[in-house]
Participant: 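Okay, handing you the structure first.
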Amino acid sequence: MSQPYKAEEVRKALKEMHPFKSLAPGRNESDIFPKIRHIVGNDVTTFVLNFLNQHDMSPNSNFTHIVPPLVHISRFNRNSLEGPVLSSRELVSAQVWNDDYKKKKKSGYGLGQCRSPTCHSIFLWQSKNLFDSSPCKDSVTYNSMISGYARSDGYESEAIDLFIQMQFDNDSARIDEFKLTTMLNLVAKIRVLHYGRQVHSFMVKSGNDLSVFALSSLIDMYSKCGSFSDACGVVNGSVGEGVVDLVVKNALIAACCREGELEMARKIFLDNPEFNDNVSWNTMISGYVQNGCEVEAVELFKRMAEEGFRWNEHTFASLLTACSALKSLNLGKEVHGRVLKEGMCLNPFISSGIVDIYCKCGNMRYAESVHKTFGTNNIYAITSMIVGYLAKGDMPEARRLFDSLAEKEFRRVDRHYFWLRKIAAICICSFREYVVSDDTTVPDTVILVSLLGACAIRASVDPGKQIHAYILRTGIKTDEKAVSALIDMYSKCGFILYAQRMFRTVSIRDTIMYNVMIAGCAHHGYEYEAIHHFEEMIAHGLKPDSVTFIALLSACRHCGLVEVGENYFFLMTKDYAIQPEIDHYACMVDLYGRSNQLEKAVAFMEKMPFEPDSIILSAFLNSCRANRNLELARMAEKKLVEIEGENGNGARYFQLASVYASGGKWDDMGRVMRTMRGMDVKKLAGCSWVQVGNGVHVFTSGDRSHLEAEDVYFVLGCLIDELYDKAIMDENLLTMM
DNA sequence: TTAGGGTTAG
């Protein structure tokens with residue numbers, strides 16, 4: 001027996017949509033009903049989605065009762081209100097899995113991404129009502145309901161309960177292959193290995209473990225639950241040989257990539273390549289990205305098109321992740337252009353990926369622009385932007401974006417939202433407040449690393465020390481990343497001796513830890529120690545990366561070690577195959593400039609594979625000023641105007657004016673000053689600060705406004721005298737030698 | 001009618 005659900009009732013339900021009145025004051029249902037009917041004849045699904053997107057769909061909402069008829073129409077009754085009589089089972093199916101949902105999911109525009117977060121639960125809530133009221137439930141009814149629960153975040157235990165309960169309640173609803181693969185899908189999602197083993201045992205006992213659906217689901221479940229050997233065991237260890245089903249093959253490739261077994265993944269991928277589809281290529285590209293092989297991912301991306309496969313949203317999403325990791329602004333812009341051409345910018349994965357690239361490259365202006373154009377409701381894009389502003393130390397902007405979240409409908413239980421609350425601790429609260437206000441959750445080391453990073457940016461040693469003490473007191477196990485963050489924090493807050501002491505006490509060091517230590521030594525004028533640490537890391541068999549060389553070259557430029565710097569630059573490309581980035585080139589130009597070798601700096605800039613950016617030219621301008629070389633300064637000015645435009649960065653014009661002033665070229669200086677006129681040019685004064693007790697004391701050049709300025713300048717005078725005496729002594733010593 | 005593989009944040 002099926003419960004009928006007639007079209008007439010749908011019409012009645014629609015006519016009773018009294019809450020519509022509250023949407024537009026003055027309208028009544030007679031205005032609304034023709035509109036609905038009109039839409040039903042065209043694209044009702046869009047209407048339903050927009051409706052769901054625009055309104056509160058919590059279970060207590062006034063609108064919830066109209067969801068079933070709307071979904072009903074969208075699924076079964078496109079062209080008229082007169083339609084077939086539907087059973088409750090069909091309605092359950094319609095609401096949990098309507099055709100449009102599947103189509104949209106396949107094209108990358110899943111409902112989960114385009115409607116408000118509360119809506120999915122309302123589909124389920126309505127489905128459950130229908131399911132409970134249905135007098136006749138068969139196996140398919142149960143499958144639909146279990147599948148609906150399994151795919152909805154937060155309803156996983158309901159799926160398990162229903163799966164168990166069904167075996168006691170209903171003789172006609174037997175456990176079949178559909179239910180078992182659905183349960184495997186659920187286990188893969190919640191990642192509980194022993195549940196997976198139970199379902200697998202059940203499949204073997206009931207003879208449901210041999211179909212290609214079972215195989216792919218089992219491989220996926222074991223892989224996602226962290227048991228790669230079990231995933232391989234599903235195909236009897238014959239990985240890559242005789243895999244007949246493409247989905248099974250792709251599941252295996254994905255499992256290998258997840259495990260970091262890229263060579264094995266590549267072997268399976270290249271075995272019978274004629275069977276590969278877009279998913280195979282996308283899985284392989286994504287595998288390279290997941291394992292830090294971004295360059296290979298970009299190469300494969302190119303080959304994919306060459307071999308006649310079409311890029312889709314998944315392909316671009318992986319490629320964007322690769323560009324972010326490479327921090328390549330040029331590549332990012334190229335991909336951005338391609339994405340615009342392909343019309344994929346509405347996909348939330350894609351738009352947030354583009355925002356992320358610009359944030360990682362530090363170009364917040366572009367990031368803001370993309371973010372505003374392609375939707376401001378993407379929590380990933382907002383997270384990237386907050387982190388981008390934090391990395392630049394721009395706390396007010398980070399705070400502004402965080403506050404904007406309060407107006408949006410992100411789910412409070414969403415783990416992304418949960419993470420953002422941690423950022424709030426960085427932006428807004430002190431660590432002490434964070435610990436007190438959030439004492440139900442012990443922060444993990446990753447959170448602590450973020451907090452320490454913020455302390456380092458703000459050069460706030462006190463909260464940094466609090467966090468260090470908290471780690472020691474609570475006995476939280478610190479990994480290499482946490483120790484590196486502590487070393488970095490102490491170093492950037494000016495406490496290089498603490499940083500060095502901490503570094504010495506650690507027995508296991510990785511490349512990142514050496515990088516922060518080398519950079520710390522370089523910044524504090526311990527150039528030879530920086531070089532010593534580099535040699536030590538090589539001796540320990542660690543592989544330096546591009547950051548290592550930025551830190552090393554930075555050390556060289558601070559003490560004018562031109563030849564040593566040149567050697568490292570050469571070593572980096574030849575021995576370690578590291579492609580120099582713009583930061584490496586900037587270090588070299590600065591190194592030549594500071595050593596008064598302007599011709600070498602110019603020759604080096606001319607050989608660069610890309611145009612010098614404003615940072616390089618700015619460093620070069622400083623050298624021109626020190627050397628009073630006005631001809632080269634004019635050349636740099638021309639380039640700067642090309643890069644930044646006539647209305648470029650005001651600080652650069654100040655810099656340029658001071659170059660001309662230092663050479664007595666008052667006409668040129670006047671010209672630059674006139675260019676600045678009418679522009680909103682502000683120069684942020686450089687300043688130093690020192691924390692004494694609970695107070696921070698800030699000093700700018702020539703500033704005598706401090707209450708104790710007289711004493712401060714007296715001590716400063718003594719220090720200058722002492723340095724002067726030392727310089728004289730050094731000079732005498734050199735003469736004697 | 002209901003099940004399988006590939007895409008984002010620290």
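Numbered from 1 within each chain, the chains take letters A, B, ... in sequence-line order.
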Participant: Among B:dA3, B:dT8, B:dA9, which nucleotide has an atom closest to any side-chain atom of A:Ser352?
Facilitator: B:dT8
Participant: Choosing from B:dG6, B:dT8, B:dG4, which nucleotide comes nearest the side chain of A:Lys224?
Facilitator: B:dG6
Participant: Any salt bridge between A:Asp230 and A:Arg197, counting N to O under 4.0 Å?
Facilitator: yes
Participant: Can you identify which nucleotide, out of B:dT8, B:dT2, B:dG4, has its nearest atom closest to the A:Phe178 side chain?
Facilitator: B:dT2
Participant: Between P on B:dT7 and CD1 on A:Ile357, what's the gap in Å once rounded to a whole number?
Facilitator: 17 Å
Participant: For A:Gln290 and B:dT8, what is the distance between atoms CD and C1' respectively, to the nearest whole Å?
Facilitator: 12 Å
Participant: Within residues 205-217 of chain A, find the residues that approach DNA chain B with a heavy atom at under 4.0 Å, and present them sorted by residue number.
Facilitator: A:Val212, A:Phe213, A:Ser216, A:Ser217
Participant: Counting only non-hydrogen atoms, which of residues 316-323 of chain A are less than 4.0 Å from DNA chain B?
Facilitator: A:Ala317, A:Ser318, A:Thr321
Participant: Ring centres of A:His371 and A:Tyr358 under 6.0 Å apart?
Facilitator: no
Participant: So, does the side chain of A:Thr182 form a donor-acceptor pair with the base of B:dA3 at under 3.5 Å?
Facilitator: no
Participant: Out of B:dG10, B:dG6, B:dA3, which has the shortest distance to the side chain of A:Lys360?
Facilitator: B:dG10
Participant: Classify the nucleic acid contact of A:Asn312 as base, sugar-phosphate or nothing, counting any heavy atom under 4.0 Å across all strands shown.
Facilitator: base
Participant: Which listed nucleotide (B:dG4, B:dG6, B:dT2) is nearest to the side chain of A:Val247?
Facilitator: B:dG4
Participant: If only atom types and distance count, is the side chain of A:Lys224 paired as donor or acceptor with the main-chain N or O of A:Ile219 below 3.5 Å?
Facilitator: no
Participant: How many whole angstroms separate atom CG of A:Asp479 from atom C1' of B:dG10?
Facilitator: 13 Å
Participant: Report the distance from atom CZ of A:Phe275 to atom P of B:dG6, rounded to the nearest whole Å.
Facilitator: 21 Å
Participant: If I compare all heavy atoms of A:Pro348 with all of A:Asn378, which pair ends up nearest, and what's the gap?
Facilitator: O-ND2, 3.1 Å
Participant: Verify whether the ring centers belonging to A:Tyr380 and A:Phe349 lie closer than 6.0 Å.
Facilitator: no
Participant: Measure from the side-chain heavy atoms of A:Val387 and tell me the nearest of B:dT7, B:dA3, B:dG10.
Facilitator: B:dG10
Participant: Figure out the CZ/C1' separation between A:Arg310 and B:dG6, and round it to whole Å.
Facilitator: 17 Å
Participant: Under 3.5 Å, sequence neighbours excluded: what are the donor-acceptor pairs made by side chains of residues 289-299 of chain A?
Facilitator:
from: A:Gln290; atom 1: NE2; to: A:Ser286; atom 2: OG; distance (Å): 3.0
from: A:Asn291; atom 1: ND2; to: A:Cys257; atom 2: O; distance (Å): 3.1
from: A:Asn291; atom 1: ND2; to: A:Gly287; atom 2: O; distance (Å): 2.8

Participant: Do A:Lys179 and A:Phe163 have side-chain heavy atoms sitting under 4.5 Å apart?
Facilitator: yes
Participant: Please pick, from B:dG4, B:dG10, B:dA9, the nucleotide with the shortest atom-to-atom distance to any side-chain atom of A:Val248.
Facilitator: B:dG4
Participant: Less than 4.0 angstrom from a charged side-chain N to a carboxylate O is my criterion; do A:Glu307 and A:Lys302 meet it?
Facilitator: no
Participant: Is a donor-acceptor pair below 3.5 Å formed from side chain A:Asp245 to base B:dG4, judging by atom type as modelled?
Facilitator: yes
Participant: How long is the line joining CG of A:Leu300 and P of B:dT7, in whole Å?
Facilitator: 15 Å
Participant: Angle between ring planes, A:Phe309 versus A:Trp281, binned at 30° and 60°: parallel, tilted or perpendicular?
Facilitator: tilted
